[in-house]
Amino acid sequence: MRVVKFAVVVVVLVGGLFSAVAGAQQSAPAPQVVPGQQLTLDQVIDRIIAREAQVVASLKDFSPLAETYIQNMKPDPALGVVPASDKYFLGRAELGATVGHRSLNDKSGTSRKMLGAFSKFFSFNLQYLPRGFVQMVFLDNAGLSRDNYKFDYVRREFLGEVRCLVFDVQPAPKSPKGRFVGRIWVEDQDYNIVRFNGAYTGSSNSQFYFHFDSWRVQSGPGLWLPSLVYSEENDMKYSYVKRVRFKSQTRLWGYNLGHIGQEQELSKVLVEAAVPVTDKSDSQQDASPVQAQRAWDRRAEDNVVERLERIGLIAPRGEVDKILETVVNNLEVTNNIDIQPEVRCRVLLTSTLESFTIGRTIILSRGLVDVLPDEASLAMMIAYELSHIVLGHRIDSSYAFNDRMFFPDEKTMQHFYFARDPHEVTAANTKAAELIANSPYKDQTASINAFLTVLQSRSSSLPGLISPQMGNRVTFSPSSVAATPASDRPGSTPSTTAAGSQPKVVIAALPLGGRVKVDPWSGQIEMLKSKPVGLVSDREKMPFEVTPFMPYLTRQGSKSPATPAAMNSEPQAKPQQ
């Protein structure tokens, strides 16, 4: 006999929604801090409260991009825990009196949305709300106060180069649910909260508040912007019979919406021409049909790249692009390829693993650059996209009409889609193998094979990560797997090279966030400057996995970084009652 069970959906409201406090507390300026002044603990707390009120009030004018990637974990006898499934959200955050999230990657139609909403009432699954994860950028956007919270001074501590005052914070007795409980780190110059670690109080059977670690990064003098949030639960019970185990990363960037370059150009008088201006007659400057077609395709390419950069999805041009273009040059020179106009590279700022070409611009996602273990693996990804260019797979030239760029940000994923058809994918795979075979990376195929193998092994559990938003899914190459020694394949037992030596740990893929750092204000990116760490076991590999954030905080415009020796000086403090 078949039994049909009905259950009520469990909704997870991670952050809670607080009402704004329109009182003197938010509008009052922070007390002036005199350099070198000795403050009592009460005076320090007053400055923290006033400064946080200013930060909350100022953030309502911004609408940065917000990306949340969640991995539901399951126990594994060999690796501890591994991803079992995942969920991906991309949207624009609304940081006003109430926190909102406008999705950028919702491609479903109205009828599909209605069906999805109806089915939730007969679902027993955990439903994540993206705005709840965005809420974690606020300690309490209703405002801190002595009436609502108790502050206990702990110690001084450095976060990178920034010396901080550390406090344990607890809500006052009989406080409403949604108050923060945990620890805060406050930089000791302007008393900005730069990190807070804990949870909101008041979880129930249908509404949960997860634990989180929230970071703010300085992007200018006195400008500390919410940037990174890590959340984790290891064994939270929900719906009486089920338990949730997950890890998540939330990233915010694009507070300036990519306009910093345009603002700088307003102060310059600069006229550029597609064709260099010479003293030759006008008749000699007319473009041939081939040149005209190339110029038209380039215009379409530039329109798309500029639109994506304005939205904040593509990083402003910088040093990382030059690194990628160096790899392109290596492939072109060794394969005797001369492409005009030249091939350019840019970085899509999302965590999803994808790549695509826009005309003769190669786009790699930040997540893909993050997880690639070495330059040879990076060269393979670039070779695949370079193959599309060499084979003449063109962009939709109708993007050259500027009116095609006029649409709301929420419709971006519906307007731009650059995935190739199966015939072009097959041809590009074959051509990419030829490019690598003639390149300086031809003797480094083992790392390429290892990356593709571990990606294939995780593909079924990480559909949110490997499903592209606009471009091509990273394809697997079965023929390359056989070239990898069995002892070095992901998941195999570590081997030893000599008696008594340490096991050899093969790095097939890095965790997310392993290479690229994003400036939250401008979206500018740079390569992380972290020292290589020797791994002890397979458990520390964590390919494609979410890990906690530990950014190295610095002060913008500081003459010299603080030193740990300065921590010996404690502020005057009286006991907190």
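Counting from 1, the numbers follow the sequence of the chain as shown.
- Every side-chain contact (heavy atoms from CB on, under 4.5 Å) that Lys74 has, sequence neighbours left out, goes to Val82, Ala84.
- Remark: Glu232 engages Tyr230, Asn234 in a side chain to side chain donor-acceptor pair (under 3.5 Å) (not counting sequence neighbours).
- Under the side chain to side chain donor-acceptor pair (under 3.5 Å) criterion, Glu187 pairs with Asn192, Arg555, not counting sequence neighbours.
- Judged as a salt bridge (charged side-chain N to carboxylate O under 4.0 Å, His left out), the pairs with a partner in residues 316-326 (not counting sequence neighbours) are, in order, Arg317-Glu325, Glu319-Lys322, Asp321-Arg346.
- Residue pairs satisfying the salt bridge (charged side-chain N to carboxylate O under 4.0 Å, His left out) criterion with at least one member in residues 543-554, sequence neighbours excluded, are listed as follows: Lys247-Glu545, Arg458-Glu545.
- Under 3.5 Å, the side chains of Glu233 and His211 contain a donor-acceptor pair of N or O atoms.
- Judged as a salt bridge (Lys or Arg N to Asp or Glu O under 4.0 Å), and not counting sequence neighbours, the contacts of Glu67 are Arg366.
- Using a 30° and 60° split on the angle between ring planes, Phe407 and Phe416 fall in the perpendicular class, above 60°.
- Annotation for Ile314 and Leu349: closest pair C-CD1, 4.1 Å, computed over non-hydrogen atoms.
- Defined by atom type and a distance below 3.5 Å, a donor-acceptor pair is missing between the side-chain atoms of Arg251 and Thr68.
- With salt bridges taken as basic N to acidic carboxylate O contacts below 4.0 Å, one links Arg183 and Asp168.
- Taking the six-membered ring for Trp, Tyr200 and Phe212 have ring centres closer than 6.0 Å.
- Contacts of Ser447 classified as side-chain contact (heavy atoms from CB on, under 4.5 Å), with partners at least two apart in sequence or in another chain: Asp374, Ala376, Ser377.
- Taking the six-membered ring where the residue is Trp, the centroids of Phe210 and Phe246 are separated by under 6.0 Å.
- Take Asp76 and apply the salt bridge (Lys or Arg N to Asp or Glu O under 4.0 Å) test, not counting sequence neighbours, and it matches no residue.
- Taking a cutoff of 4.0 Å between a charged side-chain nitrogen and a carboxylate oxygen, Asp409 and Arg102 do not qualify as a salt bridge.
- Every residue meeting the side-chain contact (heavy atoms from CB on, under 4.5 Å) condition with Val181, not counting sequence neighbours, appears here in chain and number order: Gln170, Pro171, Thr201.
- Sorted by first and then second residue, the ring-ring contact (aromatic ring centres under 6.0 Å, His included) pairs with a member in residues 63-84 form an empty list; sequence neighbours excluded.
- In this pair, Phe62 and Trp521 present their aromatic rings perpendicular. The plane angle is above 60°, beyond the 30 to 60° band.
- Residues satisfying the salt bridge (Lys or Arg N to Asp or Glu O under 4.0 Å) test with Arg245, not counting sequence neighbours, are none.
- Cation-pi geometry between Arg216 and Trp224 is not met: the NZ or CZ atom fails to fall both under 6.0 Å from the ring centre and inside 45° of the normal.
- Using cut-offs of 30° and 60° on the angle between ring planes, the pair Phe356 and Phe418 is parallel.
- Side-chain N/O atoms of Tyr255 and Asp519 include no donor and acceptor closer than 3.5 Å.
- Among all heavy-atom pairs drawn from Gly464 and Asp86, the shortest one is N-OD1, 2.8 Å.
- In this structure the side chain of Ser459 reaches within 4.5 angstrom of the side chain of Arg473, judged on heavy atoms.
- In this view, Pro511 and Met542, Thr547 satisfy the side-chain contact (heavy atoms from CB on, under 4.5 Å) rule, not counting sequence neighbours.
- Looking only at distances, a side-chain donor or acceptor of Arg92 sits under 3.5 Å from a matching main-chain atom of Ser63.
- Looking at Arg51 and Asp190, no side-chain N of the basic residue comes within less than 4.0 Å of a carboxylate O on the acidic one, giving no salt bridge.
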